[in-house]
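Data first, discussion second: the structure below is written as structure tokens.
Heavy-atom basis, side chains included; hydrogens, waters and symmetry copies ignored.
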Amino acid sequence: MKRYLALLAMVPAVLGGTLAAVSPAHAAAPTPSASVALGVDAVIVADGVRLRSSPGGSYVIGLLYYGDYGQILGSSNGWCRFRLGGRSASGLPAGTTGWASCSYFATEEGRRMSEVAVDSLEAGSS
């Protein structure tokens, strides 16, 4: 857990200050019931995360890697709709939008998206 928090705290420096620094004490105490507005900043906290065309869909748009960042636009049954904020480590262009499991995202406060209630967004909306 300490290694994860240390790596998560380093992401802002790697991204040139795009996200606020995370202190381990703050990150260790997530509040699962907190609600998040649409368009919340988030960062990928795993390697090889499949960005899909629909929640749980079989078509993979591309892969996301630790430190790729952007915004969560909504969620549906544990899947988060995500828009890249910059070019991904795998080469996906900024602005690419797709779906990935919420368990692979963390907010700038260090909370995992699987622990945060995100307003629902229908798959067909943009």
>> Quick check: do W79 and S54 have side-chain heavy atoms less than 4.5 Å from each other?
In response: no
> Are any non-hydrogen side-chain atoms of I44 and Y69 less than 4.5 angstrom apart?
Replying inline: no
> Ignoring hydrogens and geometry, is there a side-chain-to-backbone donor-acceptor pair from T97 to G95 under 3.5 Å?
Replying inline: yes
> Do the side chain of R52 and the main chain of G57 share a donor and acceptor less than 3.5 angstrom apart?
Replying inline: yes
Can you name the closest pair of heavy atoms from [X] and [Y] and give their distance?
| X | Y | value |
| --- | --- | --- |
| L92 | I61 | CD2-O, 4.0 Å |
| A46 | V49 | CB-CG2, 3.8 Å |
| R87 | D68 | O-OD1, 4.5 Å |
| F105 | C80 | CE1-CB, 3.9 Å |
| S75 | C102 | CB-SG, 4.2 Å |
| S90 | Y65 | CB-CE1, 3.7 Å |

Distance check, rounded to the nearest 0.5 Å: [X] atom [atom1] versus [Y] atom [atom2]?
| X | Y | atom1 | atom2 | value |
| --- | --- | --- | --- | --- |
| S101 | R50 | OG | CZ | 11.5 Å |
| F82 | L84 | CZ | CG | 5.0 Å |
| R83 | L73 | CZ | CG | 4.5 Å |
| L51 | L63 | CG | CG | 9.0 Å |
| D47 | Y104 | CG | OH | 11.0 Å |

